[in-house]
Amino acid sequence: MSIETDQNSRRTFLKKTSGVFAGLAAGSLIPEAFAMHGTKPEYMIPLGVYAAYDKANFLKESGCSYIEESVGGFLIPSGGDEKYQQNLQQLHQDNFPIKSYVILLPAALKTLGPDANHEAILQRTELVLKRARECKSQYVVFGSGGSRIIPEGFDRATAKAQHIELTKKMAPLAEKYGVTIAVEPLNKGETNFINSLAEGVEIIDAVKSPSIKLLCDIFHMLKEDEPATEIVKYGKHIVHCHIAEKENRTPPGVKGDDFRPYLSALKKIKYKGGLSIECFTYTDFHREAKKGIEVLKQQLSEV
């Protein structure tokens, strides 16, 4: 190769690449830079696991960004105020965030029907929200399927009106404490009311509060044969997500479920919130939870 040819090649290379490097400096051509190498930025979101807080250090080491606890296990424990203070002290000591809490209401506290007890529910909810703020948590999940079962023979429209009325009273409390209540649709095996994202959004639209949003639980969507396209349709309402395998509510990787259609839908709406593995039984918690996080990271990288 002649000196002149070599110089021309260098000039051509610099001309082609200078714009890319300038774009990288400005943060505007990152996708193009990846494309040059035949790769693309991976879609990753914060991952967590629903578990008792004594698993916090293990989950941190396993690649989780946070842990998800239960209202009755952490915020209003059976040991009373003294136990809650111990939990709070442990949270400060371990410094691993609790993003959200599940099971806002026990089945005995009814939101619907002739035995609905909204006054007691609101008292409990305010304490939960107050303590969630003390713990610097973002969400309280309003699933509580046993609490919201429509009694046999009870008018469905009346039940829906009751639930909307209650949620409207919860909203100012959520706004007061700066904690979002995430309405969770559940499958029909757990309750007969709010069984789809669409039905959850009906409640949210009726309440009209920035502190009442939607939880997307991919396990319940699978049980109800609810397509991933519903995530795209109602994406603007979704603030938090749960996931588990369809058959036995096992962590990802046990049965080998492919969640990529649902993860792709989350990517499409540019969802950046948390995704929690929410299972209630494990054969081996440490092995299965760790593998579940690994499988989710792998499937997320493939969408």
Side-chain angles (χ1 to χ4, degrees), residues 43-48 50 68 99-105 111-112 138-145 147-148 150 156-157 159-168 170-171 174-175 179-246 249 252 257-278 296 299-300 303:
Y43 174 57
M44 296 303 296
I45 52 180
L47 301 179
Y50 163 64
E68 187 150 352
K99 193 177 194 72
S100 183
Y101 304 88
V102 300
I103 316 174
L104 172 60
L105 305 175
T111 69
L112 312 174
Q138 292 176 272
Y139 308 113
V140 171
V141 177
F142 192 9
S144 307
S147 173
R148 71 173 194 232
I150 301 175
R156 189 172 188 86
K160 182 178 178 180
Q162 282 182 306
H163 201 80
I164 290 171
E165 178 188 6
L166 172 63
T167 312
K168 282 183 175 180
M170 288 178 164
E175 293 168 17
V179 176
T180 300
I181 293 175
V183 175
E184 181 181 28
L186 305 170
N187 74 79
K188 294 185 182 72
E190 297 186 16
T191 188
N192 58 4
F193 181 58
I194 311 180
N195 304 120
S196 67
L197 297 188
E199 291 172 352
V201 170
E202 286 180 2
I203 304 299
I204 292 163
D205 283 345
V207 174
K208 294 181 176 64
S209 167
S211 294
I212 305 295
K213 293 294 185 179
L214 184 67
L215 184 142
C216 162
D217 191 315
I218 294 170
F219 162 74
H220 292 293
M221 293 184 73
L222 291 168
K223 295 293 281 187
E224 289 298 308
D225 295 321
E226 195 173 0
T229 51
E230 294 294 275
I231 291 175
V232 178
K233 186 174 182 179
Y234 299 111
K236 68 178 182 179
H237 300 285
I238 297 172
V239 294
H240 191 45
C241 293
H242 290 164
I243 196 167
E245 294 182 325
K246 179 179 179 179
R249 204 170 193 168
D257 288 16
D258 181 3
F259 298 106
R260 285 174 294 183
Y262 292 86
L263 301 177
S264 294
L266 291 176
K267 181 180 181 179
K268 189 169 185 177
I269 65 171
K270 300 179 180 179
Y271 176 75
K272 297 295 184 182
L275 177 62
S276 302
I277 297 173
E278 189 198 27
L296 278 183
Q299 291 196 15
L300 279 165
V303 301

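Nothing fancy with the numbering, it's 1 onward along the sequence.
The minimum heavy-atom distance linking Ala182 with Leu214 is given by the pair CB-C, 4.4 Å. Smallest separation of non-hydrogen atoms from Met221 and Cys216: SD-SG, 3.7 Å. When all heavy atoms are compared, the tightest approach of Ala171 to Val207 is CB-CG1, 4.0 Å. Listed here is the closest heavy atom pair of Pro261 and Ala228: O-CB, 3.5 Å. The shortest heavy-atom contact between Val141 and Leu104 is O-CB, 3.5 Å. The minimum heavy-atom distance linking Glu245 with Phe219 is given by the pair O-CD1, 3.3 Å.
Checked options Asp225, Asp257, Asp258; the residue passing with Lys246 is Asp225 (criterion: salt bridge (Lys or Arg N to Asp or Glu O under 4.0 Å)).
By the 4.5 Å heavy-atom criterion applied to side chains, Val102 and Glu184 are not counted as neighbours. Residues Phe259 and Val303 form no side-chain contact, since every pair of their non-hydrogen atoms from C-beta on lies 4.5 Å or further apart.
At least one donor-acceptor pair closer than 3.5 Å links the side chain of Glu226 to the backbone N or O of Leu197. No donor-acceptor distance shorter than 3.5 angstrom exists from the side chain of Lys99 to the backbone of Gly48, with no hydrogens or angles considered. Judged by distance alone, with hydrogens and angles left aside, the side-chain atoms of Ser276 form no donor-acceptor pair with the main-chain N or O of Glu278 at under 3.5 Å.
Salt bridge Arg249/Glu190: present, at least one basic N to carboxylate O contact under 4.0 Å.
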For His237 and Asp205: C-alpha separation, side-chain torsions, deciding distance, then whether side chain to side chain contact (heavy atoms under 4.5 Å, CB included) applies. CA-CA 10 Å; His237 300 285; Asp205 283 345; 3.6 Å; yes
Run the side chain to side chain contact (heavy atoms under 4.5 Å, CB included) test on Ile194 and Leu186 for me, step by step, so that the C-alpha distance in whole Å, both residues' side-chain angles and the decisive distance to 0.1 Å come before the verdict. CA-CA 7 Å; Ile194 311 180; Leu186 305 170; over 6 Å; no
Before you tell me yes or no, could you show the steps for Tyr262 and Leu222 under side chain to side chain contact (heavy atoms under 4.5 Å, CB included), namely the whole-Å CA-CA distance, both residues' side-chain angles and the distance that decides it to 0.1 Å? CA-CA 10 Å; Tyr262 292 86; Leu222 291 168; 3.6 Å; yes
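For the atom pair CD1 of Ile164 and CD1 of Ile204, the computed distance is 11.0 Å after rounding to the nearest 0.5 Å. Between the CD1 atom of Ile277 and the SG atom of Cys241 there is a distance of 13.0 Å, given to the nearest 0.5 Å. Atom CG of Leu266 sits about 11.0 Å away from atom NZ of Lys272, to the nearest 0.5 Å.
Remark: the Ser196 side chain and the Glu224 side chain contain no N/O donor-acceptor pair separated by less than 3.5 Å. Side-chain N/O atoms of Gln138 and His240 include no donor and acceptor closer than 3.5 Å.
In this structure, Phe142 and His163 have parallel ring planes: the angle between them is below the 30° cut-off, well short of the 60° mark.
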